[in-house]
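Below: one structure, written as structure tokens.
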Amino acid sequence: MIWNPERETLKRKEYEEIQLERLKWTVKRAYERVPFYKKRFDEIGLKPEHIQTLKDIEKIPYTSKADLRENYPFGLFAEPMDKIVRLHASSGTTGKPVVFGYTKNDMDTWKENISRLAAAAGVTHNDVAQIVFGYGMFTGGFGLHQGLENMGVTVIPSSAGNSERQLMFLEDFGATVIVGTPSYVLHLAELAQEKGLTRGRHKLRVGLFGGEGHTAEMRQQIERQWGIECTENYGLTEVQGPGVSGECLEHCGMHINEDSFLYEIIDRNTLQPINPEEEGELVLTTLTKEGVPVLRYRTKDITSIDFAPCKCGRTTARMSKIKGRTDDMLIIRGVNVFPSQIESALLGTPHIGPHYEIYVSRKGYMDKLEIKVELLDSSLLEKYSELERLTKMIRDKIKSNLLIDATITLVEPKTLERFVTGKAHRVHDLRNQ
Amino acid sequence: MSVAQISVFLENKAGRLADVSRELGKNGIDINALSIADTTHFGILRLIVNQPERAVNVLKEAGFTVNSSPVLAIAIDDEPGALSKALDALNENQIGIDYIYAFVGRTQNRALVILRVEGPLEEAGAVLSKAGIQVLKDTEVYSI
């Protein structure tokens with residue numbers, strides 16, 4: 001079902017008209033109300049009226065995470081606090097968090113955007129959705145919560161953690177939709193399997209994933225283990241939270257809410273805008289945000305845009321699954337490596353679990369890549385040679401996929417990190433320590 | 001004629017062997033024999049205990065990767081050259097040995113040895129019996 005046909009089935013030209021009108025409105029407000037943007041514009045002699053076409057956006061300097069952080073807590077707000085109805089903050093894994101305020105209109109747009117992606121994923125008002133995202137300052141929990149409630153879905157706000165209780169709710173409340181990070185939903189699937197919570201005892205049919213990237217292989221594994229169909233959606237607190245884009249059941253990229261966000265793709269080295277159909281870093285500009293408008297935010301996420309019409313009937317452009325982040329790309333012995341490539345190679349390998357941790361260290365002048373995986377199949381314990389064969393097979397697979405030699409370390413089950421505040425932390429680069 | 005042996009996957013980190021023996025001890029399970037071999041990154045602990053099925057459950061519950069498989073237990077005289085008699089018999093019948101280890105204690109001046117052979121256990125057991133080696137029953141081993 002298309003939630004809002006009037007906004008999701010427009011012609012390209014119509015999207016562009018809406019975007020231009022809203023871009024001008026956003027730029028003008030940012031310039032007049034946010035000293036940070038005024039200073040940036042004035043430094044290069046740029047005025048809001050210089051933005052006359054969508055391409056003119058390229059005149060505006062990029063905004064980085066550091067820019068946002070330096071304005072902690074409320075420096076980027078374009079509305080006084082009495083107009084703000086909600087505060088969220090992005091995770092403060094590095095330094096201070098970045099704080100965002102939402103006006104009542106911002107909340108309505110957010111709900112609308114979430115309803116669209118949930119409808120695209122096959123969710124209807126008849127569903128019961130268990131939200132296993134962490135709540136709190138993180139936008140994932142509340143974002144999906146409001147949008148689903150807006151559709152008339154029954155929401156179970158169980159939040160992340162306390163996995164045994166999660167499964168009890170899932171079974172006893174008859175949840176049909178599970179919403180969370182893929183790593184946590186996979187963790188719950190493993191636990192469900194142990195507890196014999198199989199189809200028949202649970203009614204799950206749909207998974208909505210966000211908050212972190214995952215590979216197609218990981219999704220298939222979750223789909224198999226739960227017996228459900230899963231879609232992925234994308235968003236970041238800096239521009240709203242979840243609801244920037246979401247996959248439909250055709251599984252051919254995430255439909256962007258084009259009336260809320262303007263997207264550009266830039267070359268990750270030159271930082272110049274490129275043809276958005278090519279792969280590069282995603283840059284986003286908010287088109288409706290009143291509380292905290294954000295101009296040309298560098299997401300560090302790597303994707304590409306597809307404008308071809310989708311079989312689902314929506315005409316909105318689709319962004320591909322995030323290939324990685326410019327900042328979690330590892331350069332190992334001169335080779336670019338994304339953790340997602342390692343994940344692809346690992347998943348589907350027999351005898352081991354789906355979780356992994358990557359360690360990069362330096363010995364002399366040589367980078368060393370170590371991958372830890374959990375040994376699940378106890379029948380291999382009868383012979384050392386079986387375990388050696390397994391590690392060699394994984395090593396060969398990594399080598400043929402990434403052209404890098406890795407040390408494979410088998411560890412005991414359930415010892416690798418599943419998730420930290422909702423997101424798995426799988427890469428440990430120890431080279432500068 | 002076979003005896004249940006338990007194999008436990010151990011990461012090479014401090015305290016894991018102690019964790020295993022603590023779990024077993026807590027549940028009143030007695031270890032009769034053990035062997036551990038390790039590589040740089042991991043080890044496999046092999047155990048003969050008095051209650052193998054319970055031991056597997058207890059260790060699984062505690063999160064270990066555990067397997068149970070049949071091995072042979074033999075009793076040989078505790079004197080020079082006794083072991084070679086058994087090994088020669090297997091060798092003459094082209095039965096290879098994957099690994100071998102001895103019991104912690106001994107009974108009636110005889111050493112007890114655990115053997116994991118390539119190929120069918122029954123065949124190896126028969127070869128050993130024929131050569132005059134005492135192959136122990138599982139109940140005999142568990143009650144040591």
Side-chain angles (χ1 to χ4, degrees), chain A residues 163-164 187 190-196 346 349-361 363 368-395 398 405-418 428 430, chain B residues 2-20 23 34-48 52-53 55-72 96-101 114-121 124:
Chain A
S163 304
E164 305 229 344
H187 170 71
E190 289 176 336
L191 193 67
Q193 204 162 26
E194 272 172 38
K195 305 268 169 207
L346 292 177
T349 303
H351 314 303
I352 60 170
H355 300 279
Y356 59 92
E357 280 177 30
I358 297 168
Y359 289 82
V360 191
S361 56
K363 218 174 186 176
K368 235 180 118 251
L369 173 63
E370 181 187 6
I371 301 168
K372 292 189 177 181
V373 292
E374 294 176 353
L375 175 72
L376 293 191
D377 187 351
S378 58
S379 73
L380 297 187
L381 294 181
E382 289 322 305
K383 286 192 175 186
Y384 263 102
S385 56
E386 294 285 334
L387 292 181
E388 276 162 13
R389 194 175 309 156
L390 173 64
T391 52
K392 186 177 179 305
M393 179 182 82
I394 299 171
R395 202 172 137 195
I398 298 281
D405 202 19
T407 305
I408 309 300
T409 303
L410 299 175
V411 301
E412 294 164 19
K414 305 233 171 97
T415 54
L416 295 182
E417 200 165 346
R418 271 13 187 198
H428 306 265
L430 312 173
Chain B
S2 70
V3 175
Q5 168 191 258
I6 295 165
S7 302
V8 189
F9 178 78
L10 290 182
E11 265 176 69
N12 230 349
K13 61 185 186 196
R16 288 312 271 163
L17 183 55
D19 292 341
V20 172
E23 280 301 326
L34 69 81
S35 146
I36 187 162
D38 65 344
T39 65
T40 345
H41 294 292
F42 59 83
I44 300 176
L45 171 68
R46 306 195 192 281
L47 296 167
I48 303 292
E53 272 175 42
V56 168
N57 290 335
V58 161
L59 293 174
K60 264 195 185 148
E61 196 72 8
F64 288 95
T65 302
V66 190
N67 198 36
S68 170
S69 65
V71 291
L72 284 175
I97 296 170
D98 282 332
Y99 52 82
I100 178 167
Y101 58 97
I114 294 292
L115 281 169
R116 163 82 183 199
V117 295
E118 294 167 357
L121 267 181

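Each chain gets a letter, A, B and so on, in the order the sequences are listed, and its residues count up from 1.
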Six-ring centre of B/Tyr101, B/Arg46 cation under 6.0 angstrom, axis tolerance 45°
no
Assert top hit (heavy-atom pairs under 4.5 Å, partner chain B, pool A/Thr407, A/Thr391, A/Leu387, A/Asp377) equals A/Leu387
Under 4.5 Å to a heavy atom of chain A? For B/Val8 that would be backbone
| query | Taking the six-membered ring for Trp, are B/Phe9 and B/Phe42 parallel (under 30°), tilted (30 to 60°) or perpendicular (over 60°)? | reply | tilted
Honestly, the part of A/Ser385 sitting under 4.5 Å from a heavy atom of chain B is neither
Any donor-acceptor pair under 3.5 Å from A/Tyr384 side chain to B/Ile44 backbone
yes
Okay, A/Leu376 and chain B: the region with an atom under 4.5 Å from a heavy atom over there is backbone
Of all heavy-atom pairs linking A/Ile398 and A/Ile371, the shortest is CD1-CD1, 3.7 Å
